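See below for the structure under consideration.
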Amino acid sequence: MRKRQFLHISINISSVLIKIILLLLSISCITSLSSLFFASSFGFYPNTYLKVVLKTFIGLFTIWNSTFFYIGKEYNVFPVILDKYFYTMSILFFSLVTTILLSFLFSYLYFFFSKKIKDLLFGLLGVLDSIPDIIIILASQLLFISLYKKTGIKFLQLYGIGGEKVYFLPTLCLSFVPFVMVLKIMIKIFEEQREQQYVEFAIAKGLNRSTVFLKHVVPNVIKSLYSHISLIYWYMLSSLFMIEYLFQLDGLTPLLYLVRDSSLNSVVVIMFLIPFGLLKLTSFTILKGGSRIDKE
Amino acid sequence: MTKNNPPKVKLYIIFSCLLILLVTSFLVEKKPIEPKGIFYNADGKAVMPPFPPSFEHPLGTDENGTDLLIKLVSGYKYTFIFSIGIAFLRMVLAIVCSFLILFFLKPLKPFIESILTPFYYVPAFIMFLFLANKEQGELIVAAHGEKFLIIYQMLVIVLIGIPPLISLMMGEFELLLYKDYVTASRLLGANYFHLVKKQLFPVFKSRLFIIFIQQTISTVILLIYLGIFQIYIGGQAKGGVFGEDDKFLSKSNEWGGMIGQSIFDMVHYPWILLFPSIALICLILMFNTIIKQLEKL
């Protein structure tokens, strides 16, 4: 019995290992894609491609000691990349928190409106949902620049030129796109929860709506929101690239398209996948734990 | 029949709007508009484009003095046909691939999924920049000419969209494949082709159409992303802007490229950014409404 359990665990670990190696290989395949078609001229070079993929894969394990060229200067990989990573991730984290707080606030307000206003607001959300993130970014830049031109007062540092770390506007822009999405998801979950019997019972018992909302509905909503978190992360990631480009931030993402070093590019991709993996792991355990409580 | 079915009426209205725009877009192309250069106004002062919105030019003009409304309408057909075509190609290839994996490579499925994961999390335009950035584009033009570059860019956009689509489709098809009636049909001896044709597609049709529209929207957005990076689908042309001769502009006036090329001028001439953005938002809104109405059907 015990032996079988041990065997089971070892099989599990080996399959996870194989998956991780496949993941690394596929990342190296993506980042070295350009050598499939381009050497000194345009063509099809499968042999060179395989060699480059292998080189990239091996390079992943020695990347910490090497250097890279970025806008005409040579940098050591090790301290620089962590610094950039920290900055990028703090913007991502702040805007994730902003998104969730704002959408909780708005869905709390939504809870109290009448049916007509609710329909109107939902229509408005549909319109907001159709605005691409780039247009939001450009429009907000335009707004602040024209405010500056009109009043002569500099409200905010807009661009991260000269290594300055800008937080406010990038965070705000980055939270807008997922905000609409999260709000939509939340409203849907809230409406589902409202029709549950326990909410009706609590209201019938004479508890006021705020208490019902905060004590009974919110914990349930958090649980189902957690299952959407990887999707939200993905949405934010692709607009993060645009934000760092348009605000000229000194973050991690330019390393993907400004540096021609496939090993370094793969490391950047892996670094973006790490929080995603952690999120997925925690959501897995939380959802599992939740289901166990339900069973009891 | 249709009177009792408001979603259908809305769908017809949207489809006819899109078609009318397409037809006008083709008609506009036939009469080229002479761009206006520097000219003198009533006070004898030299006036240079771009001009703000006025009675003569309802949406203003660009740096060359070309009317923005005409530019927008004539660019619409490229945006529309390009995104629809790409979405269609992606769908066909992804459906074929996901069936091949589900039917013939079933044991390897978890590993294939972990290979596909990074494609999901590397944004599409970054993948495009790996495969066809500006310098690489110039290499291709040098070797094979501009038409080849357009086909190549299109193929790249199709291919980078396929892996996430495959994992999406596989998930959906798998749910269907384990339904009782499909198992029954398989036990009775139906082959794979019959299974797909008779059992899966009739159920899956409207969902497929929704995915198709979603892919179209994501292509339109990808075109803006590329426009921001100064990669214009349909080729680039020397701007010919007064004083800035080496600036490249989109040749086809495709909407994503128009937004992308406006980021340098948006501070001084905001309408160059504003109107294409509004047009694009309207287009995406129409597609989103189609999805919403289809879900109601």
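Given the structure is predicted, the values throughout are model-derived calculations rather than measurements.
- Below 30°, between 30° and 60°, or above 60°: for A:Tyr257 and B:Phe229 the angle between ring planes is above 60°, a perpendicular geometry.
- Both the backbone and the side chain of A:Leu33 come within less than 4.5 Å of a heavy atom of chain B.
- Contacts between B:Phe128 and chain A at a heavy-atom distance below 4.5 Å are absent for every atom of the residue.
- Residues A:Leu249 and A:Ile91 are in side-chain contact: their nearest non-hydrogen atoms beyond the backbone lie under 4.5 Å apart.
- Neither the backbone nor the side chain of A:Phe272 comes within contact range of chain B; no heavy atom of the residue lies under 4.5 Å from a heavy atom of that chain.
- Residue A:Ser35: no heavy atom, backbone or side chain, is found under 4.5 Å from chain B.
- For B:Leu280, the part lying under 4.5 angstrom from a heavy atom of chain A is the side chain only.
- The greatest number of non-hydrogen atom pairs below 4.5 Å with chain B, out of A:Leu256, A:Leu138, A:Asn265, is found for A:Leu138.
- Heavy atoms of B:Ile263 lying under 4.5 Å from chain A belong exclusively to its side chain.
- A:Thr99 and A:Ser175 share no donor-acceptor pair across their side chains, judged by distance under 3.5 Å alone.
- Electrostatic pairing of A:Lys19 and B:Glu113 does not count as a salt bridge here, judged by no charged N lying under 4.0 Å from a carboxylate O.
- If you tally non-hydrogen atom pairs under 4.5 Å between each of A:Ile270, A:Leu24, A:Asp133 and chain B, the highest count goes to A:Asp133.
- Neither the backbone nor the side chain of B:Phe287 comes within contact range of chain A; no heavy atom of the residue lies under 4.5 Å from a heavy atom of that chain.
- Looking only at heavy-atom pairs under 4.5 Å with chain A, the residue among B:Ile228, B:Leu129, B:Ile160, B:Val220 that has the most is B:Ile228.
- The residue among B:Ile140, B:Leu116, B:Leu139 with the most heavy atom pairs within less than 4.5 Å of chain A is B:Ile140.
- Contact annotation: the side chain of B:Ile86 never approaches that of B:Thr216 to less than 4.5 Å [non-hydrogen atoms, C-beta and beyond].
- Here the closest heavy-atom approach between residue B:Met170 and residue B:Leu102 is recorded as O-CD1, 4.1 Å.
- Contacts of A:Ile18 with chain B are made by side-chain atoms alone, with heavy-atom separations under 4.5 Å and no backbone atom involved.
- Only the side chain of A:Leu246 has a heavy atom closer than 4.5 Å to any heavy atom of chain B.
- No side-chain donor-acceptor contact under 3.5 Å links A:Thr56 to the backbone of A:Ser28.
- Under 4.0 Å is where a charged nitrogen must lie from a carboxylate oxygen, and between B:Arg207 and B:Glu295 no such pair does.
- When each of A:Val127, A:Ile20, A:Ile30, A:Thr253 is scored by its heavy-atom pairs under 4.5 Å with chain B, the top score falls to A:Ile30.
- For A:Ile27, the parts lying near chain B are the backbone and the side chain together; criterion is any non-hydrogen pair under 4.5 Å.
- Only the side chain of B:Ile126 comes within contact range of chain A, with heavy atoms under 4.5 Å apart.
- Using modelled atom types, no side-chain atom of B:Trp255 and backbone atom of B:Ala279 make a donor-acceptor pair closer than 3.5 Å.
- A distance-only check finds no donor-acceptor pair linking the side chain of A:Tyr85 to the backbone of A:Gly251 [under 3.5 Å].
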